[in-house]
Amino acid sequence: MARWWLMKSEPDAYSWDDLVAEGEGTWDGVRNHRAANNLRAMELGDQAFFYHSNIGLEIVGIVTISVAGLTDPTDPEGKWAAVKVKPLRKLAKPVTLKQIKALPELADMELVRLSRLSVAELRPDEWKKILSLSEG
DNA sequence: GCCAACGTTGGC
DNA sequence: GCCAACGTTGGC
């Protein structure tokens, strides 16, 4: 069964536009066990929100998992996980962290509860709610 | 620039 | 195996 995710990136380091320019990006360098477990649970075709941390603080687009179950190429020991993603579409309107925090039904999100988690899972209802926000 | 939340490290 | 100290992340 498909699942829904949220992946954070600092736009300074790797932005949505960078991903679009590349066409496909490898999501590696994750060194947190919970985030790594989420990476391992991703399946081909799963969708994820692309969130700009630090600058922007908003969800800017949707990506799809184009390759799942990779070993992180930046890990010499080969213990950590990675995936590849492709941009699917940009949101009509970015959804800000502020908007998310303002809604009680989204207060349970890993993004809110565990602000430092770089790869988070969303429930289907959370995914839908955010999509509806992006459509204004 | 500050601080809270975590994760990791190292002394015991 | 505990816990204090420290480093990092990320929001404010």
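Everything numeric in this text was worked out from a predicted model, so none of it was measured. In the text below, chain A, chain B and the rest are named by the order of the sequence lines, each starting its count at 1.
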Rounded to whole Å, how long is the line connecting atom [atom1] of [X] with atom [atom2] of [N]?
X: A/H52; N: C/dG10; atom1: NE2; atom2: P; result: 13 Å
X: A/Y14; N: C/dT9; atom1: OH; atom2: P; result: 19 Å
X: A/R34; N: B/dG7; atom1: CZ; atom2: P; result: 9 Å
X: A/I59; N: C/dG11; atom1: CD1; atom2: P; result: 12 Å
X: A/E10; N: C/dG10; atom1: CD; atom2: P; result: 6 Å
X: A/L117; N: C/dG11; atom1: CG; atom2: P; result: 12 Å
X: A/I100; N: C/dG11; atom1: CD1; atom2: P; result: 10 Å
X: A/R31; N: B/dT8; atom1: CZ; atom2: C1'; result: 15 Å

Tell me which residues in residues 103-116 of chain A put a heavy atom below 4.0 Å from DNA chain C, sorted by number, or none.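 A/S115, A/R116 - these, ordered by number, are the residues of the stretch whose heavy atoms sit under 4.0 Å from the strand.
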Suppose we screen for salt bridge (charged side-chain N to carboxylate O under 4.0 Å, His left out). Which residues come up paired with A/R113, at least two apart in sequence or across chains?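 Expected list: A/D108.
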Using every non-hydrogen atom in the two residues, find where A/K79 and A/R40 come nearest and quote the distance to one decimal.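 Looking at all heavy atoms of both residues, the closest pair is O-NH2, 3.2 Å.
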Applying the side chain to side chain contact (heavy atoms under 4.5 Å, CB included) test to A/V60, which of A/Y51, A/F50, A/F49 qualifies?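 For A/V60, the side chain to side chain contact (heavy atoms under 4.5 Å, CB included) check succeeds only for A/F50.
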Look at all strands and tell whether A/K98 reaches a base, only sugar-phosphate, or nothing, counting heavy atoms closer than 4.0 Å.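 Result for A/K98 = nothing.
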Do NZ/NE/NH1/NH2 and the carboxylate oxygens of A/E121 and A/R3 come within less than 4.0 Å?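 Counted as a salt bridge, because a side-chain N and a carboxylate O are separated by less than 4.0 Å.
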Mind checking the NZ-CD spacing from A/K128 to A/E105? Nearest 0.5 Å is all I need.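 Answer for the NZ-CD pair, A/K128 versus A/E105, is 13.5 Å.
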Which pairs pass salt bridge (Lys or Arg N to Asp or Glu O under 4.0 Å) with one or both residues in residues 12-34 of chain A, sequence neighbours excluded?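 Residue pairs with at least one partner in residues 12-34 of chain A: A/R31-A/D72, A/R34-A/E110.
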